[in-house]
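Okay, so here's the structure we're looking at.
By convention in this document, chain letters (A, B, ...) are assigned in the order of the sequence lines, proteins followed by strands, and residues within each chain are numbered from 1. Everything quoted here is computed from the prediction, not taken from an experiment.
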Number of protein chains: 2
Amino acid sequence: MTRKTIHDVARAAGVAIKTVSRVLNDEPNVRPETRARVLAAAEMLQFQPSLSARSLAGRRSYLIGLVYENPSANYLVELQHGAMARCRQEKFRLFVHQCSGRGEELTRDVIGLIDQTHVDGLVVSPPLSESAHLIEALDQRGLPFVRIAPNDLKHVSPYVDMDDEGAAREMTEHLIECGHRRIGFIIGHPNHFASSLRLRGFRAALERHQIAFDPACVKQGYFVFESGLEAGRELLTLPDPPTAVFASNDDMAAGVLLAAHELAIPVPQRLSVAGFDDTYIARIVWPRLTTVHQPSYDLAFSATDLLLQSLKSGDAPKTARLPYKLIRRESTAPPAP
Amino acid sequence: MTRKTIHDVARAAGVAIKTVSRVLNDEPNVRPETRARVLAAAEMLQFQPSLSARSLAGRRSYLIGLVYENPSANYLVELQHGAMARCRQEKFRLFVHQCSGRGEELTRDVIGLIDQTHVDGLVVSPPLSESAHLIEALDQRGLPFVRIAPNDLKHVSPYVDMDDEGAAREMTEHLIECGHRRIGFIIGHPNHFASSLRLRGFRAALERHQIAFDPACVKQGYFVFESGLEAGRELLTLPDPPTAVFASNDDMAAGVLLAAHELAIPVPQRLSVAGFDDTYIARIVWPRLTTVHQPSYDLAFSATDLLLQSLKSGDAPKTARLPYKLIRRESTAPPAP
DNA sequence: CACGGCGATGACAGCGCTGTCAACGAAAGG
DNA sequence: CCTTTCGTTGACAGCGCTGTCATCGCCGTG
C-alpha cells in the first residue's frame with residue numbers, strides 16, 4: 001500500500017518514464033495509442049504524481065497561493081472556495097496562507113511562503129492587495145500574481161475588482177428614490193480602500209440629487225458588528241436623526257438593526273437600513289437586509305482564472321471587473337410621513 | 001533576487017551542506033560555534049529551505065493537511081486558524097483541502113491529496129471524521145491523523161472532541177430551571193453524529209426532571225438557517241406551542257428567532273430560544289442568543305498539537321476532550337405566567 | 001605509546017520527477 | 001537511390017535537500 005511512482009507506471013505501460021511524463025503533462029508528440037496505454041496504467045495504479053518532485057525538477061509547482069490577512073469569515077471562505085474551484089479544474093492545488101505583520105514583515109512572510117512552497121503564482125486579497133511594499137516586492141521577484149480589489153489602479157499589476165463606488169451610489173439612490181432625504185452613512189475600516197470608494201459613491205448620489213452632505217450623519221466604523229452598533233446608537237440618538245442608514249457592510253448594518261431594536265425604532269417603518277456585501281448575515285437578521293451583492297466567490301475564481309491563464313500563455317495576467325447587484329429585501333422602505 | 005539554496009548558506013558559513021542541514025533540523029553533534037555561524041549565514045541570506053526538496057529527500061514534508069467537507073463558514077475558519085496557529089509554532093505549514101464525494105470517492109480524493117502533497121499527517125474535521133471508509137483507508141495507509149469530533153469513540157484512532165451530550169443536557173436544564181416545561185427541539189443534520197448526541201442530551205435532561213418527551217415538539221433540521229426557520233414556524237403554530245425552543249446550532253436558532261418575529265411572538269418574553277456553537281451569529285441577532293460555546297479553534301489547535309507531538313515522538317497521537325461553556329444571553333428567560 | 005571510542009564534519013547517493021538532447025525509423029524530397 | 005526532415009521515444013543529468021557512511025582528530029585507557 002505504498003505510493004506509486006512514475007517508474008511503476010512506465011513499467012506497467014511498457015514505456016520510458018519520460019513518455020509517462022509527456023502524457024501527464026499533455027505534451028505533444030505522443031502516439032494516441034501510447035498515450036492511452038499510459039493513461040490506463042496510471043489509472044490502474046491510481047498513480048498521483050508527486051508535487052514535490054514536479055516542482056523540484058520542473059518550472060512549475062502546480063500550486064497557487066492565496067494570501068489574506070484578516071477578512072470576515074464569510075468573505076474568506078467564499079474567496080477560498082472560488083480560488084479552489086478554479087484550481088481544481090486545472091489540477092492545481094491551492095495553498096491558503098494567513099499573513100501576519102505589515103510592511104516589511106508582511107513582505108518577508110509572503111516571500112518566505114513563495115520560497116518554501118514554490119507556488120507558481122499568488123492571489124492577493126484585500127487588504128493585502130493594498131500594501132505597496134508587498135506589491136513592489138512581488139513585482140521585483142517576478143512572480144505572477146493577481147490582486148483582488150486593489151486600491152491603486154494606476155499600478156500596472158493585474159487585478160480583479162468590482163465597482164464599489166458605483167454600487168454605493170446606486171444603493172444611496174435607492175434610498176433617495178424611496179423618499180429619504182436625511183441618510184446616515186457608516187464608513188468601513190480606514191485601512192480598506194473600498195471604504196473610501198463606498199463613501200465616495202454615497203456622496204456622489206447625494207450631490208446628484210442635490211442633497212446637502214451633513215458630516216454629522218457620517219460615522220467611522222471598522223467593518224465589524226460592534227462598530228456598527230455603536231455608530232447606529234450615535235446616529236439614532238442625534239437631535240435630528242436620519243430616516244435611513246447605509247452601512248458599508250452587512251456586519252455593521254446588523255449592528256444598526258440592533259441599535260434600532262434597542263431604541264424601539266421599527267425597521268423599516270421608521271428607519272431604513274442598507275448593508276453591503278450580501279453575506280450570509282444579510283439573510284438571517286430581521287428584517288432581512290437590502291444590500292449590494294458582492295461577488296466574492298467569483299472575484300477569487302476570476303482572479304485565479306487570470307493567473308492560470310497567464311501561467312499557461314506566459315503573458316502577463318489580464319484584468320477584470322465583475323458586476324455587482326442590488327438586492328432589495330425588507331430592511332428598506334419609504335420613510336414614515 | 002533569486003531563491004537561495006543550502007549551498008549558498010554552506011558557502012557563506014564555510015561548511016558542508018550537510019552541516020547546514022544538521023543545524024536547520026536541530027540535529028545533535030554540531031559545535032555551538034559552528035551552529036551559530038550557520039544560523040548567521042542563513043539569516044543574512046534570508047534562506048528558506050525548499051519544502052519540495054525536503055519532502056522528496058527526507059521522511060518529513062513539514063506539511064499537515066486539514067480536510068473538511070462543508071461546514072459553516074465560521075466553524076471552518078476557526079478550525080483553519082486553530083490548526084494554522086499550531087503549525088506555525090513548529091514551522092510546519094497547513095494544507096487546507098475541501099473534499100468532495102462520499103465513501104470511496106471521498107477516500108480517493110483524500111488519498112490523492114496525501115500522495116501528491118506528501119503531508120505528514122491529517123486533521124480530519126466533521127463530518128469527514130465520521131466516514132468509516134475514509135478512516136479505515138487512513139489506518140491502512142499508516143498515515144498519522146487526528147479526528148475532530150468523530151462518531152465512533154470505540155475506534156482506536158485518536159481524536160479531539162467536546163461533550164456534546166453533556167452540553168445539550170446542561171442547556172436543556174437551564175431552560176427547565178427557567179421554568180419551561182414544554183420545550184421544542186430542532187435536530188441537526190442527520191449525517192452529523194453530533195446531532196444525535198445533542199438530541200440525547202436534550203432527552204436526558206427531560207427524563208431527569210420527569211418531563212414527558214413529546215415527539216410533536218421535535219423537528220428535523222439541517223444545521224442551516226432556513227431549516228430552523230421552517231421548523232420554528234411549525235413549532236410555534238402548534239395547537240399547544242412550546243414556550244422555549246432549543247435548536248441544535250445557532251444558525252437554526254436564528255431561524256427560530258425570525259419565525260417568532262413573523263408571528264409577532266416576543267423573545268424572550270413569550271418564547272425563549274437557545275442555540276449551540278456560539279458562532280458569530282449568536283451575537284449579531286436580536287435578542288442575542290443563549291448558546292453553548294463550542295471551542296472550535298481550540299479543537300483544531302489541540303488536534304494539530306496531538307498530531308505534531310506524535311510526529312515528533314513517533315508514538316501514536318493521544319486523545320483529548322475539551323470543555324464547553326454555557327453562554328447566557330438575552331434570548332432565554334422564564335416563561336410568561 | 002598504541003589502540004579503541006567518540007564527537008564533529010563531509011562526500012555522495014538518490015528521492016521522483018522534468019528538461020535536454022540523442023537515437024531511430026518512416027515519410028518526403030531530389 | 002540516398003538524403004533530409006519530422007514525429008516518436010528513451011537515456012540521462014540534475015532540481016535542493018536528507019540519509020548513510022566514511023573520515024578525521026582528539027580523548028582516555030591498558
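Here the nucleotide nearest the side chain of A53(B), chosen from dC17(D), dG10(C), dG16(C), is dC17(D).
At dT8(D), one or more side-chain N or O atoms of N29(A) fall inside 4.0 Å of OP1 or OP2 (strictly under the cut-off). Put simply, R60(B) has no side-chain N or O that comes within less than 4.0 Å of OP1 or OP2 on dT18(D). Side-chain nitrogen and oxygen atoms of R54(A) include at least one within less than 4.0 Å of the OP1 or OP2 phosphate oxygen of dT18(C). Within the structure, every side-chain polar atom (N or O) of R3(B) is placed at least 4.0 Å from both OP1 and OP2 of dC17(D). At least one side-chain nitrogen or oxygen of T19(A) sits closer than 4.0 Å to the OP1 or OP2 atom of dG10(D). Using a 4.0 Å cut-off, some side-chain N or O of N25(A) falls inside it from OP1 or OP2 of dT18(C). Look at S21(A) and you'll find a side-chain N or O under 4.0 angstrom from OP1 or OP2 of dT18(C).
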Nucleotide N/O to protein N/O under 3.5 Å, stretch nucleotides 22-28 of chain C:
none

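A pairwise comparison of heavy atoms in F145(B) and P317(B) identifies O-CG, 4.2 Å as the closest pair. Residues A303(A) and V123(A) come closest through the heavy atom pair CB-CG1, 4.1 Å. Between N151(A) and S129(A), the shortest heavy-atom contact is OD1-O, 4.0 Å.
Annotation: cation-pi pair R93(A)/Y62(A) absent, no NZ/CZ under 6.0 Å from the ring centroid and within 45° of its normal.
What separates NZ of K4(A) from P of dC17(C) is a distance of 12 Å, to the nearest Å. Remark: P of dC17(D) and OH of Y62(B) are 12 Å apart, rounded to the nearest angstrom. Summarising the geometry, the separation between CZ on R31(B) and C1' on dG10(C) is reported as 14 Å, rounded to the nearest angstrom. Distance L56(B) CG to dA13(C) P: 17 Å, rounded to the nearest Å. Atom CG in D115(A) sits roughly 15 Å away from atom C1' in dC15(D) (whole-Å rounding). Counting to the nearest Å, the C1' atom of dT8(D) and the CD atom of E33(A) are 12 Å from each other. When rounded to the nearest whole Å, the span between CG of L24(A) and C1' of dT9(D) equals 16 Å. With rounding to whole Å, R59(A) atom CZ is found 13 Å from dG16(D) atom P.
In summary, the aromatic rings of F223(A) and H192(A) are positioned with their centroids under 6.0 Å apart.
Residues that satisfy the salt bridge (Lys or Arg N to Asp or Glu O under 4.0 Å) test with E104(A), not counting sequence neighbours, are absent from this structure. Taking the side chain to side chain contact (heavy atoms under 4.5 Å, CB included) definition, one finds that E69(A) meets it with R102(A), P127(A), L128(A), sequence neighbours left out.
Contacts between residues 35-45 of chain A and DNA chain C, counted as heavy-atom distances below 4.0 Å, involve no residue at all. Against DNA chain D, the stretch residues 5-18 of chain A makes heavy-atom approaches under 4.0 Å through V15(A), A16(A), K18(A).
Distance alone, capped at 3.5 Å, is enough to place a donor-acceptor pair between the S61(B) side chain and the H118(B) backbone. The main-chain N or O of F95(A) is never found under 3.5 Å from a side-chain atom of T117(A) such that the two would form a donor-acceptor pair. In this structure, S100(A) contributes its side chain and D109(A) its backbone to no donor-acceptor pair below 3.5 Å.
Annotation: side chain of L76(A) is not in contact with side chain of L76(B) (no heavy-atom distance under 4.5 Å). For the pair V110(B)/L134(B), a side-chain contact is recorded, criterion being any heavy-atom separation below 4.5 Å from C-beta on.
The pair D115(B)-R141(B) counts as a salt bridge, with a side-chain nitrogen and a carboxylate oxygen less than 4.0 angstrom apart.
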Check your understanding: Would R147(A) and E130(A) count as a salt bridge (Lys or Arg N to Asp or Glu O under 4.0 Å) if you check the C-alpha gap in whole Å, the side-chain angles of each, and the deciding distance to 0.1 Å?
Key -> CA-CA 9 Å; R147(A) 290 191 284 172; E130(A) 298 167 21; over 6 Å; no

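Comparing the end axes of the helix from dC1(C)-dG30(D) to dG30(C)-dC1(D), each fitted to five base pairs by superposing C1' atoms of four pairs onto the next four, gives an inter-axis angle of 50° (nearest 10 degrees).
Neither side chain, S310(A) nor D315(A), offers a donor N or O lying under 3.5 Å from an acceptor on the other.
Using a 4.0 Å heavy-atom criterion, one finds that T34(B) contacts the sugar-phosphate atoms exclusively. Using a 4.0 Å heavy-atom cutoff across all strands shown, S52(B) reaches no nucleic acid atom at all. In this structure, F47(B) reaches the sugar-phosphate backbone alone: every heavy-atom distance under 4.0 Å involves primed, P, OP1 or OP2 atoms, never a base.
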